[in-house]
Asker: 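Take this structure, written in structure tokens, and hold onto it; I'll ask about it next.
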Protein chains: 2
Amino acid sequence: MDTSQLLKGVLDLAVLAALRDEDGYGYEVLRRLRQAGLDEVGDASVYGTLRRLFRAGVLTSYVVPSEEGPHRKYYSLNDTGRTKLEESVRTWKDFTDTMGQLLKGAA
Amino acid sequence: MDTSQLLKGVLDLAVLAALRDEDGYGYEVLRRLRQAGLDEVGDASVYGTLRRLFRAGVLTSYVVPSEEGPHRKYYSLNDTGRTKLEESVRTWKDFTDTMGQLLKGAA
DNA sequence: GCGTAGTACTGCGCTATGCGTAGTACTATC
DNA sequence: GATAGTACTACGCATAGCGCAGTACTACGC
């Protein structure tokens, strides 16, 4: 089973969760996710997801110049984003419960 | 969040699990999955997954004529399939654990 | 001063896979 | 003979994660 396929649809949720308590820029979100255990997630996937979520109107964005490298594009959850996060968490939990039922008794 | 995206990669696992205890044909597997709670899964997705798993060599297949409709193509887990099922279950559990960590404290 | 490494982001094209739809074919029922 | 349910196949689409190349800036070592 390929982990990259499992991420489909879930990366949105993971990124939203990573921004829940604190704003963050792409590279940092990537580090947060990898540290949380999603060590195989690609950088382009995270940047892409951030852009997609931004276009979808659930994130706001602001650029901060950095003194130790290139500028950083910070992202922040807005109200729509927080609502979407809650909804997505529920959908995810329902889904994993269903799968748990199906796998009951398996290995 | 879209349920159909969540299924990516997981449908393999669901189908293998549905065939764990008993052989089954496509239409029946579809019913088992829907009954288990995956009520939005499309029929073409299940047939496609069965064909893919068959090509991958984890399922064997035999055709049984039916007296109450068209013929039925039964699928059966072979040893490779059972191994893959166990592996996939582990991958899935690890993945959901990781996500659980990430979502800890969320809604 | 130049190459390498780390940071930070963008854009392009590929691929896997679930889904919608149409089509085939058989049985049963009205 | 038309419709509905069963059972499967085939075609093409859309989504989204990923690999890779490219840009740009800082810092360190030679």
Side-chain angles (χ1 to χ4, degrees), chain A residues 1-16 18 23-35 38-56 58-59 61-75 88 91 95 98-99, chain B residues 1-16 18 23-35 38-56 59 61-75 88 91 95 99:
Chain A
M1 188 154 66
D2 193 9
T3 318
S4 79
Q5 288 297 325
L6 292 183
L7 272 178
K8 300 256 173 177
V10 188
L11 191 54
D12 278 32
L13 173 56
V15 166
L16 289 175
D23 294 0
Y25 54 96
Y27 205 79
E28 195 189 7
V29 170
L30 180 65
R31 273 198 302 252
R32 288 185 194 168
L33 295 182
R34 291 208 168 136
Q35 199 164 12
L38 298 177
D39 37 333
E40 286 174 48
V41 64
D43 59 340
S45 307
V46 172
Y47 287 118
T49 302
L50 284 168
R51 282 197 294 263
R52 198 156 29 79
L53 290 173
F54 177 72
R55 273 203 308 271
V58 298
L59 295 180
S61 171
Y62 52 100
V63 173
V64 176
S66 166
E67 282 161 17
E68 33 169 338
H71 69 280
R72 294 166 172 171
K73 192 182 277 187
Y74 276 80
Y75 290 95
S88 298
T91 305
F95 183 73
T98 300
M99 284 303 295
Chain B
M1 189 152 66
D2 194 8
T3 317
S4 78
Q5 287 297 325
L6 292 184
L7 273 177
K8 300 256 173 177
V10 188
L11 191 53
D12 278 32
L13 173 56
V15 166
L16 290 175
D23 293 0
Y25 54 96
Y27 206 79
E28 195 189 6
V29 170
L30 180 65
R31 273 197 302 252
R32 287 184 194 169
L33 294 183
R34 291 208 168 136
Q35 198 163 11
L38 298 177
D39 36 333
E40 287 172 48
V41 64
D43 60 338
S45 307
V46 173
Y47 287 118
T49 301
L50 284 168
R51 281 196 295 265
R52 196 155 31 78
L53 290 173
F54 176 72
R55 272 202 311 273
L59 296 181
S61 171
Y62 51 100
V63 172
V64 176
S66 166
E67 282 161 17
E68 33 170 339
H71 70 280
R72 294 167 173 170
K73 190 183 279 187
Y74 276 79
Y75 291 95
S88 298
T91 305
F95 183 72
M99 284 303 295

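Labels below follow one simple rule: chain letters A, B, ... track the order of the sequence lines, proteins then strands, and each chain is numbered from 1. Keep in mind the model is a prediction, meaning the values are calculated, not measured.
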Asker: If you take any heavy atom closer than 4.0 Å to DNA chain D, which residues from residues 43-50 of chain B end up in contact?
Answerer: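 Output list: B/A44, B/Y47.
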Asker: Base, sugar-phosphate or nothing for B/E28? Non-hydrogen atoms, less than 4.0 Å.
Answerer: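 No contact at all - B/E28 keeps every heavy atom at 4.0 Å or more from the nucleic acid.
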Asker: Write down the partner of C/dT17 under the Watson-Crick or G-U wobble criteria, each distance required to be under 3.5 Å.
Answerer: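 Across any shown strand, C/dT17 pairs with D/dA14.
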Asker: When the nearest nucleotide of DNA chain D is assigned to A/E67 and to A/V41 on a heavy-atom basis, which residue is associated with the more 5' position?
Answerer: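 By nearest-heavy-atom nucleotide position, the 5'-most residue is A/V41.
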Asker: Both distances under 3.5 Å, Watson-Crick or G-U wobble: report the partner of D/dC30, or none.
Answerer: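 Pairing partner, where one exists within any strand: C/dG1.
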Asker: What is the distance from CZ of B/R51 to P of D/dC11, rounded to the nearest Å?
Answerer: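 In whole Å, D/dC11 P lies 10 Å from B/R51 CZ.
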Asker: Can you tell me which nucleotide in D/dT6, D/dT9, C/dC9 comes closest to the side chain of A/K73?
Answerer: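 It is C/dC9.
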Asker: Return yes if a side-chain donor-acceptor contact under 3.5 Å exists between A/D23 and A/Y62, otherwise no.
Answerer: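 Present: a donor and an acceptor within the cut-off.
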Asker: Name the residue closer to the 5' end of DNA chain D, choosing between A/G69 and B/G69 according to the nucleotide with the nearest heavy atom.
Answerer: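 Checking each residue's closest nucleotide, the 5'-ward one belongs to B/G69.
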Asker: Is the ring pair B/F54/B/Y75 parallel, tilted or perpendicular, if the boundaries are 30 and 60 degrees?
Answerer: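 The arrangement is perpendicular - the two ring planes meet at more than 60°.
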Asker: With respect to the side chain of A/H71, which nucleotide from C/dC9, C/dT7, D/dA7 is positioned closest?
Answerer: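 Looking only at side-chain atoms, A/H71 lies closest to C/dC9.
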Asker: Tell me which residues in residues 2-12 of chain A put a heavy atom below 4.0 Å from DNA chain C, sorted by number, or none.
Answerer: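 The answer is A/Q5.
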